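Both ligands and their constituent atoms are indexed starting at 1 by order of listing. Keep in mind that what you see is a predicted model, and the values were worked out from it rather than measured.
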Amino acid sequence: MPLTLDVITPERTVLSEEVDFVSARALEGELGVLPGHAPLFTSLRSDVVVARKGADEMVLAVMGGFLEVAPGRVTVLTPAAERAEDIDKLRAEEARKRAELEIDRTRTTEGEAALARALIRLRAVEVLGGRRLKLRPQA
Ligand code: ATP
């Protein structure tokens with residue numbers, strides 16, 4: 001049975017692909033979805049989401065939101081998400097520095113949230129890099 005993963009933000013559809021497996025971090029813990037998974041609706045933690053299709057892996061930074069499993073379909077609705085290869089690493093590093101300064105100055109929760117987003121983006125870039133190295137150790 002095929003499984004389609006859609007990752008949707010208020011701005012755009014970040015991903016709409018047939019996949020074999022999706023792994024994400026729900027509020028209750030790690031979630032792995034294979035075709036035929038029981039229907040489910042849950043909140044997501046902000047984290048890296050990985051989807052696999054054959055030998056291909058898709059790595060995404062997902063900033064919380066909701067995940068629904070329906071027959072043949074996984075839908076992620078989230079305020080912001082990017083595929084790791086589309087992440088501007090420099091921008092995320094700048095955002096991290098800005099957020100750290102903001103936390104030092106004001107200790108607001110906005111600073112904490114901005115720092116969390118930047119760190120997840122940087123982690124997604126790292127995970128993608130690590131997977132590519134593993135797949136092509138000679139490269
Ligand atoms: P910044 O301070 O760099 O704008 P942010 O955390 O405030 O980061 P968001 O409000 O989460 O940014 O996202 C705004 C838009 O910019 C979204 O469409 C998001 O996908 C995109 N975006 C944010 N940071 C990056 C990045 N480092 N690389 C690519 N796209 C990004």
Task: Within-cut-off N or O pair, Arg12 and ligand 1, under 3.5 Å - done: no
TODO: Measure across Ala51 and Val19 and return the closest heavy-atom pair with its distance rounded to 0.1 Å.
DONE: CB-CG1, 3.9 Å
Task: atom 7 (O) of ligand 1 [closest protein heavy-atom partner, distance rounded to 0.1 Å] - done: Arg117 NH2, 3.4 Å
Task: atom 2 (O) of ligand 1 - nearest protein heavy atom and its distance - done: Arg98 NH2, 2.6 Å
Open item on the list: Heavy-atom distances under 4.0 Å decide this one: backbone, side chain, both or neither, for Glu94 against ligand 1?
Closed with: neither
Task: Option nearest atom 9 (P) of ligand 1 (shortest heavy-atom distance, choices Glu110, Glu93, Arg121, Arg96) - done: Arg121
Open item on the list: Please state which option from Glu82, Glu11, Arg91 has its nearest heavy atom closest to atom 16 (O) of ligand 1.
Closed with: Arg91
Open item on the list: For the NZ atom on Lys89, are there more than 12 heavy atoms of other groups (residues, nucleotides or ligands in this structure) within a distance under 6.0 Å?
Closed with: no
TODO: Check step by step if salt bridge (Lys or Arg N to Asp or Glu O under 4.0 Å) holds for Asp88 and Arg121.
DONE: CA-CA 9 Å; Asp88 179 339; Arg121 287 178 174 124; over 6 Å; no
Open item on the list: Starting from Val125, can I reach Val48 by hopping between I/L/V/M/F/W/Y residues whose side chains sit under 4.5 Å apart?
Closed with: no
Task: Nearest heavy-atom neighbours spanning Leu34 and Asp20 - done: CD2-O, 3.6 Å
Task: Protein contact of atom 28 (N) of ligand 1 - nearest heavy atom, named by residue and atom, plus distance - done: Asp88 N, 2.9 Å
- [ ] Could you check if a side-chain atom of Val74 sits within less than 4.5 angstrom of a side-chain atom of Leu67, using non-hydrogen atoms only?
- [x] yes
- [ ] Check Lys89 against ligand 1 and report side chain, backbone, both or neither, counting heavy atoms closer than 4.0 Å.
- [x] neither
Task: Under-4.0 Å heavy-atom contact with ligand 1, by part of Thr9 that carries it - done: neither
TODO: Answer with yes or no whether the hydrophobic clustering places Leu60 together with Val76; edges join I, L, V, M, F, W, Y residues whose side-chain heavy atoms lie under 4.5 Å apart.
DONE: yes
